[in-house]
Amino acid sequence: MIDGRSRVIIQGITGHQGRFHSQAMRAFGTRVVAGVTPGNGGGEVDGVPVYESVRDAVSSHGADASVVFVPAPSAKDSALEALEAGVPLVVIVTEGMPVHDAMTVIQFSRVVGARVVGPNCPGITVPGRAKLGIMPNGIFREGSTAVVSRSGTLTYEVVSSLTEAGIGQSICLGIGGDPVVGTSFVDALRMFEADERTSEIVLIGEIGGTAEEEAAEFIKNRMSKPVVAYIAGRTAPPGRKMGHAGAIISQGRGSAKSKSKALNDAGARVADRPSEIVRLL
Amino acid sequence: MMLLEDKGKELLREYGIEVPRGRRCTDPEELRSADLPLVIKALVPVGGRGKAGGVSKVSTPDEAVREATRILSLEISGYRPQGVLAEEVLPVDREIYLCIVIDRSLGIPVLLAGGVGGMDVESIPPDAMGRWPIHPFLGVGEHVVREASRSLSLRRVEAQFGKMLRGLWDLFTRMDCELVEVNPLVLTTDERLVAADSKVVVNDDSLYRHPEIGSDLPVMDELEAEARGERMSFVRLSGDIGVIANGAGLTMATLDEVASQGGTAGGFLDLGGTDDPRRVRKAFELMARSGARVVLLNIFGGITRCDTVAQGVLEAMDSLVSVPVTVARIRGVNEELARGMLESRGIRAHLDLSSAVSDAVSWRQKA
């Protein structure tokens, strides 16, 4: 998906979040080639040139990916701008993006043949190579376990427990906590199955929707690599949104129990608590 | 955010969909002079009110006043009715189920329609329901109208049905809805299509674009509303251990750990990506007011600095009159510093979640 050679642009680099995280990404080894802030182009942020538009940034530097840090009301326009400029991978970190905006962006990404990750996601980290997004730099170790998750801090928690146990990661992908996201568990599993650097997978799901059930179907029919899973929210009451816009059991669907059962039936090993994941690997 | 039925129907009417004549009232006596018979319905932002006794058909003035009074005194899934909606009784030929909802796995809306309306959607067998994905770039096509009207046996009123579907779609997209459900849609004996009920759920993240509905939102739990105002997420639960953590997934995982050790969580509070001491203090204040006897704080500081979270906890200790017993589990950036700060004030700061939870559960038994 990405490596140390990937050229990355940051949309919203002049904002507090954009600036902080582009520094952290560079410290991790990511090749941040440019920033974009409409109305604020022409200068530099910590030595990174800032452009008025994605097109300008792309024509000067090329881009393999963009990371979107702009506030929710402008996230749709920013993501569409990157897609129209031909950026093949757009990671939307922004939280609170209107769901119809997310649908528009994701459907448009299919029209142009690009990939969207997020919204409301911590991004993608390939330890030792590059990081797109906001995951903490210090928790990773290179290895062959791929991690995919709908959440942020819970993922960091699990990744650091893997690292402490000497289990390194080939990639860590946060798909986001919103009800509609550009990259699903199934998309991630398909990539991991094909990835030579990955030998096993940790999947961290949560209540709401049917993404874990679809992942289970894929694991049963298409996966040869072992999967360990954990589903958060076993005790969450139905009908209540648990922090993430997508974490809600509605109309009897989306409980942790049904997800755990589907994964277990598909041959994944399902942990009862995050601390159990290391033991199951 | 689910709109109250009268507000949902006002929107339906605006988008050209016929709804029954009716009015919202909070004083039952207003119904004494209303045209009869009437259907009286509780205005609550949750489903299942029929089963909870929140819907009643009346045919005399005394009955209308009595039933309205009874319904106003109900509590339905924790909600007191914000008035009742009193409507004309429609001459029903048939009842139909109709909705447009975002299908999370397709990532686009779908139209669901079935010839059995008026019942709980969960009890409608899936094969009794037609399903048409509607691509957001395309909207409701002619063929969808044709197919759906055929499957619902509505061909005699197909033009009217098509106009209705397009109205529903326009409402769904322009108002940033997650769901627009009409259950039942009534075909009257004089062949009109009337939305007898409405359930309109507007996407919370889009409310800022719709100030016109801002003044008429359903009343939420006070603490939940205050948390939302601080960009935190609070859910009141039935137990007595208040869980505060950073991140939705981590907070849920913490609740699960509490339950697996025999405790019951009294509140879910996701701080989000903050380490602002002021917000941490606010989180403790909300937990104290929610009646939690023990607060379990679980922080994984990746970007968040643990010491600034600890600073917020200490400020809460200083500013609140009564602070529940607090047990913490702190990992991440500056964890040593944070643990020292908390322990200097007698708060046990664990490294491991399982031992922190066991500590919290045993404190609760003592408290």
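Owing to the predicted nature of the structure, the values given are computational and were not obtained by experimental measurement.
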Which answer fits [X], side chain, backbone, both or neither, if we ask what part of it has an atom under 4.5 Å from a heavy atom of chain A?
X: B:N203; value: side chain
X: B:F172; value: both
X: B:I102; value: side chain
X: B:T251; value: neither
X: B:F268; value: side chain
X: B:D205; value: both

Distance check, rounded to the nearest 0.5 Å: [X] atom [atom1] versus [Y] atom [atom2]?
X: B:M1; Y: A:K241; atom1: CE; atom2: NZ; value: 8.5 Å
X: A:D101; Y: B:R209; atom1: CG; atom2: CZ; value: 4.0 Å
X: A:E214; Y: B:R104; atom1: CD; atom2: CZ; value: 10.0 Å
X: B:S354; Y: A:R273; atom1: OG; atom2: CZ; value: 5.5 Å
X: B:I108; Y: A:R110; atom1: CD1; atom2: CZ; value: 9.0 Å

Find the one option among [options] whose heavy-atom pairs under 4.5 Å with chain A are most numerous.
options: B:S105, B:A265, B:A259; answer: B:S105
options: B:G47, B:S260, B:C177, B:A245; answer: B:C177
options: B:A253, B:G247, B:P136; answer: B:A253

Q.
How close do A:L154 and B:L250 get, counting heavy atoms only, and between which atoms?
A. CB-N, 3.7 Å
(Q) Could you report the tightest heavy-atom contact between A:M103 and B:P109, atom names first, then the distance? (A) SD-CD, 3.7 Å
Q) Is B:S206 reaching over with its side chain to a backbone N or O of A:P98, donor-acceptor style, under 3.5 angstrom? A) no
Q. Side chain of B:D256, backbone of A:R234: donor and acceptor closer than 3.5 Å?
A. yes
Determine the option with the most heavy-atom pairs under 4.5 angstrom with chain B, choosing from [options].
options: A:G138, A:A102, A:S149, A:P73; answer: A:P73
options: A:G209, A:A211, A:P179; answer: A:P179
options: A:M97, A:E206, A:E157; answer: A:E157
options: A:A232, A:G239, A:S151, A:G233; answer: A:G233
options: A:A72, A:A245, A:G243, A:S275; answer: A:G243
options: A:V180, A:D272, A:V181, A:T235; answer: A:T235

Heavy-atom distances under 4.5 Å only: say whether [X] touches chain B with side chain, backbone, both or neither.
X: A:S184; result: neither
X: A:R150; result: side chain
X: A:S160; result: side chain
X: A:F20; result: side chain
X: A:I204; result: neither
X: A:P274; result: side chain

Q | Any residue of residues 231-240 of chain B which, by heavy atoms, sits under 4.5 Å from chain A | A | B:S233, B:V235, B:R236, B:L237
Q.
Taking atom CD as the centre, does A:E95 end up with more than 12 heavy-atom neighbours from other residues, nucleotides or ligands that are less than 6.0 angstrom away?
A. no
Q. Is the closest side-chain heavy-atom distance between B:F300 and A:I139 below 4.5 Å?
A. yes
